[in-house]
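Shown next, in structure tokens, is the structure this report addresses.
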Amino acid sequence: MFPIRRNRRLRTNEAIRSLVRETVITPNDFLVPLFVVEGKGIKDEIPSMPNYFRYSLDLLENEVKELWSLGLKSVLLFVKVPDNLKDNKGTEALNPNGLMQRAVKTVKKACPDMLVMTDVALDPYSAYGHDGIIKNGQIINDDTIEVLAEMSVSHAQAGANFVAPSDMMDGRILTIREALEDENFINTGIMSYSAKYASAFYGPFRDALDSAPVDIQDIPKDKKTYQMDYSNRFEAIKETEMDIDEGADIVMIKPGISYLDILREIKNEVDVPVAVYQVSGEYAMIKAAAEKGWLDHDQIMLETTTAFKRAGADIIASYFAKDIVKLIS
Ligand SMILES: NCC(=O)CCC(=O)O
Ligand SMILES: [Mg+2]
């Protein structure tokens, strides 16, 4: 075929490259994770996540208004729960006036059209830093999902548009869906973390929320009995298909950059939107290398997030969302 077909013709200059570009990221692709704390006037930088902050509710208001003005229309809320409110049953998670419930209302008041998703899992509320109730050193699946269902209803009552169960207990999507239907929250969606791997990339996040598993005898030191083994691929498809059958509206793969194969495979298999989470460790890695001057921060940010979309992500949860949108618009 050469020289009739010279592939480099389509790369000659930026005009032709942009004309034939297959994947373009836009503000519509992003879901912005936000960390919320008690208090007033708090904008607290997370040490292992440079330029990412925990906000008290008063400052959360300004932050979501800014996101909205940048064209970012969806947020995913996480709360840092004071230690004295943590126990083994997620009691505080069900408090109608809890931090999450107030955070949802705060966002909705500041930006009524902002799509609000809430993290549903016990770890921020757990005295042991686990996503489930513990008995005799075991994470008890079926008791845990009952609490997750009540928590989901509580978030829906506060005004959440979507609940996002991130725990990886079996059967929680069906239990949550049924609870929402019973309470007539028929339009409250579920974004399921359907293929969430037991990953070392979550380290900085656990600093942000102080939610790492505690080091106490008889308490599991890691989350490997519920989050997935990173060696597995077929299991991710099984988990995701089951969550869709149970009622998930959106499915999620997590982490992102080390799991692009899983993302593409799931995108090819399923007929619901697929999200990916570029997690805290991915963010921290890029920030650290950029601080040292070893990587170009903005270029890496664009390359990684474009890779997620190219691999099949319809939605990208990323701590870079605001920076990217500023860069591309
Ligand atoms: N449910 C959220 C996480 O487990 C961690 C996210 C992150 O590391 O950014
Ligand atoms: Mg599952």
Side-chain angles (χ1 to χ4, degrees), residues 31-36 46 48-50 52-54 75-81 93 100 117-126 129-132 139 141-142 144-145 148 151 163-177 190-213 222-230 232 234-248 251-259 262 266 270 275-287 304 308 316-321:
L31 170 60
V32 186
L34 289 173
F35 298 120
V36 185
I46 299 151
S48 48
M49 298 179 72
Y52 219 78
F53 302 89
R54 308 178 189 102
V75 295
L76 174 58
L77 302 179
F78 295 96
V79 290
K80 184 173 190 291
V81 179
M100 179 62 92
M117 297 198 185
T118 54
D119 183 58
V120 170
L122 289 192
D123 52 331
Y125 302 92
S126 162
H130 273 288
D131 297 35
I139 314 293
N141 194 93
D142 299 7
T144 300
I145 64 179
L148 298 177
M151 190 174 169
V163 292
S166 63
D167 57 294
M168 289 297 280
M169 297 300 125
D170 290 325
R172 90 274 207 219
I173 302 301
L174 181 62
T175 306
I176 290 171
R177 186 69 266 159
I190 303 177
M191 180 175 76
S192 172
Y193 290 60
S194 45
K196 179 173 181 177
Y197 286 87
S199 170
F201 281 106
Y202 306 145
F205 176 95
R206 291 176 189 169
D207 290 344
L209 294 191
D210 187 21
S211 62
D222 58 45
K223 300 189 174 186
K224 290 179 183 171
T225 70
Y226 44 106
Q227 297 177 352
M228 283 178 48
D229 182 339
Y230 56 68
N232 295 353
F234 296 120
E235 191 184 3
I237 297 169
K238 176 178 74 178
E239 283 283 2
T240 304
E241 284 176 344
M242 285 175 71
D243 282 1
I244 295 169
D245 289 345
E246 290 180 29
V251 293
M252 186 192 272
I253 320 307
K254 182 180 172 185
I257 205 73
S258 302
Y259 299 84
I262 309 296
I266 283 172
V270 306
V276 70
Y277 202 134
Q278 182 176 39
V279 302
S280 58
E282 302 177 59
Y283 177 86
M285 237 167 28
I286 294 170
K287 287 285 173 190
T304 51
F308 294 133
I316 303 166
S318 174
Y319 305 106
F320 287 118

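Whatever order the structure lists ligands and atoms in, that order sets their numbers, starting from 1. Count residues from 1 along the sequence.
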#### Entry: Residue-ligand contact Glu282/ligand 1, heavy atom below 4.0 Å
no

### Query
Quick check: does any side chain N or O of Arg54 sit under 3.5 Å from a backbone N or O of Ile46, one acting as donor and the other as acceptor?
no

### Query
So which of the N, O or S atoms of Glu239 lies nearest the Mg ion (ligand 2)?
OE1

### Query
What atoms of ligand 1 come closer than 4.0 angstrom to any heavy atom of Ser166?
1 (N)

### Summary
ligand 1 atoms nearer than 4.0 angstrom to some heavy atom of Lys254 are 1 (N), 2 (C), 3 (C), 4 (O), 5 (C), 6 (C)

### Query
What are the atoms of ligand 1, with element, lying closer than 4.0 Å to any heavy atom of Tyr319?
6 (C), 7 (C), 9 (O)

### Message
Quick check on the Mg ion (ligand 2): does Asp243 put an N/O/S atom closer than 2.8 Å to it?
### Response
no

### Message
Counting only heavy atoms closer than 4.0 Å, does ligand 1 sit against the backbone of Arg206, its side chain, both, or neither?
### Response
neither

### Query
Does the pair Thr304 and Gln278 meet the rule for a side-chain hydrogen bond (donor to acceptor under 3.5 Å, both in side chains), with working shown?
CA-CA 9 Å; Thr304 51; Gln278 182 176 39; 3.2 Å; yes

#### Entry: For atom 8 (O) of ligand 1, the protein heavy atom that lies nearest, with its residue and separation
Ser280 OG, 2.7 Å

### Message
Please check this pair: side chain of Glu239 against backbone of Ala236, looking for a donor-acceptor N/O pair closer than 3.5 Å.
### Response
no

### Parallel, tilted or perpendicular: rings of Phe78 and Phe35 (30°, 60°)
tilted

### Task
Kindly say whether Ser166 contributes a backbone atom to a donor-acceptor pair with the side chain of Lys196 at under 3.5 angstrom?
yes

### Query
Sub-3.5 Å donor-acceptor pair from the side chain of Tyr226 to the main-chain atoms of Asp131, do we have one?
yes

